[in-house]
Amino acid sequence: MENNASSAALSGRAERIASRSRGDNWKKPPRRIEKSECITCDSCLRGCPAEFGAIFDRGLDVVIIPELCSGCPACVLECPVDCIYVDEDWTPTDDSMWNHIELTAGGTS
């Protein structure tokens, strides 16, 4: 049964990637990483729940995709330098990053 729940959650992520939009029922704003404070340790990336998969390593930067971020504190709890903040004024993710996400999504359709 747990496997079915995981599959459903990952399917929801695939739908958010396809629609490039946040979950309708998400009340919290997404998070953001302050690049000037980040040490690129990827702890947040590993701590982000798979059903969201909102954090990506983009070479020199680690970024949170607001459309995939539910606003949960999982990444904040993992960050050793406290560089992750609530992003009330988030902007939509650009096409080049979406193309990267689609390439690395691993079989989502």
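Side chains included, hydrogens not; waters and symmetry mates left out as well; all remaining heavy atoms used.
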Identify, with sequence neighbours excluded, every residue that meets side-chain contact (heavy atoms from CB on, under 4.5 Å) alongside D61. K35, R58, V63
C72: what forms a side-chain contact (heavy atoms from CB on, under 4.5 Å) with it, not counting sequence neighbours? P49, F52, S70, A74
Salt bridge (charged side-chain N to carboxylate O under 4.0 Å, His left out) with E34: which residues, sequence neighbours excluded? R32
Which value, rounded to the nearest 0.5 Å, describes the distance between [X] atom [atom1] and [Y] atom [atom2]?
| X | Y | atom1 | atom2 | answer |
| --- | --- | --- | --- | --- |
| R46 | D57 | CZ | CG | 10.0 Å |
| C83 | R31 | SG | CZ | 12.0 Å |
| F56 | I65 | CZ | CD1 | 6.0 Å |
| S11 | E51 | OG | CD | 12.5 Å |

Tightest non-hydrogen contact, residues G53 and C48, listed as N-SG, 3.8 Å
Write down the atom of C38, the atom of T40, and the distance for their closest heavy-atom approach. SG-N, 3.2 Å
Could you check whether atom CG of N25 has more than 12 heavy atoms from other residues, nucleotides or ligands sitting under 6.0 Å from it? yes
Using the test side-chain hydrogen bond (donor to acceptor under 3.5 Å, both in side chains), find all partners of E67 that sit at least two apart in sequence or belong to another chain. T93
Residues forming a side-chain hydrogen bond (donor to acceptor under 3.5 Å, both in side chains) with S21, sequence neighbours excluded: S19
Residue pairs involving residues 82-95 (criterion salt bridge (charged side-chain N to carboxylate O under 4.0 Å, His left out); sequence neighbours excluded): R20-D95
For W98, ring pair (Phe, Tyr, Trp, His ring centres under 6.0 Å) partners two or more places apart: none
Under 4.5 Å between any side-chain heavy atoms of C79 and S43, yes or no? no
Can you pull out every ring-ring contact (aromatic ring centres under 6.0 Å, His included) where at least one residue sits in residues 60-84? Sequence neighbours excluded, please. none
Residue pairs passing the ring-ring contact (aromatic ring centres under 6.0 Å, His included) test with at least one member in residues 63-97, sequence neighbours excluded, are none
Could you work out the complete set of other residues in the hydrophobic cluster of I55, with links drawn between I, L, V, M, F, W and Y side chains under 4.5 Å apart? I33, L45, V62, I64, V76, I84
